[in-house]
Asks: 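Have a look at the structure that comes next, please.
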Amino acid sequence: MGTPHASACVEEAERTLVELRDALAKAGIKLPSLGIDPVSVVREAPCPLVELGRCSVETAARLVAALR
């Protein structure tokens, strides 16, 4: 993360992750593997990706219901 732009991208991803985690919690949904994909951050020009991870079928059904 050698440039201010790269740092800003990572910070934005972290803020968005917190917002997503909070919004999911309000809907009663917890994604245990939710996080920033580490490989996407260590590149020369970081472009962070949010890793949603795996979840149970019950959690997937709650996501479907929340998105409808």
Side-chain angles (χ1 to χ4, degrees):
M1 291 189 296
T3 69
H5 174 72
S7 292
C9 288
V10 173
E11 289 172 8
E12 178 184 10
E14 290 171 343
R15 281 192 306 272
T16 301
L17 180 67
V18 169
E19 291 176 10
L20 176 58
R21 187 175 283 124
D22 290 347
L24 288 168
K26 287 179 183 175
I29 299 167
K30 181 178 181 184
L31 296 177
S33 303
L34 184 62
I36 302 294
D37 173 45
V39 174
S40 67
V41 176
V42 296
R43 299 182 342 178
E44 187 174 323
C47 182
L49 298 173
V50 174
E51 178 68 50
L52 299 176
R54 297 182 281 187
C55 65
S56 68
V57 173
E58 177 184 350
T59 300
R62 289 180 128 172
L63 280 169
V64 169
L67 293 170
R68 284 192 173 152

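All values reported here derive from a predicted model rather than from experimental measurement.
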Asks: Under a 3.5 Å distance rule, please check whether Thr16 uses its side chain to pair with a backbone N or O of Glu12 as donor and acceptor.
Replies: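 Yes, because the side chain of Thr16 sits within donor-acceptor range (under 3.5 Å) of the backbone of Glu12.
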
Asks: Going by heavy atoms in the side chains, are Pro48 and Cys9 under 4.5 Å from each other?
Replies: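 In short, these two side chains touch, coming nearer than 4.5 Å.
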
Asks: Just how far is it from atom CD of Glu51 to atom CG of Leu31, taken to the nearest 0.5 Å?
Replies: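 Those atoms lie 10.5 Å apart.
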
Asks: Decide yes or no for Val50 and Leu34: does some side-chain heavy atom of the first lie under 4.5 Å from some side-chain heavy atom of the second?
Replies: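 When only atoms from C-beta onward are counted, Leu34 and Val50 do touch, with a gap below 4.5 Å.
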
Asks: For Gly28 and Arg62, work out which heavy atoms get closest and say how close.
Replies: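 Minimum heavy-atom separation between Gly28 and Arg62: O-NH1, 2.8 Å.
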
Asks: So if you build clusters from Ile, Leu, Val, Met, Phe, Trp, Tyr with side-chain heavy-atom gaps below 4.5 Å, do Ile29 and Leu52 land together?
Replies: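 Same cluster: Ile29 reaches Leu52 through Ile, Leu, Val, Met, Phe, Trp or Tyr contacts under 4.5 Å.
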
Asks: Do Ile36 and Leu49 have side-chain heavy atoms sitting under 4.5 Å apart?
Replies: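 Heavy-atom side-chain distance check fails, nothing below 4.5 Å.
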
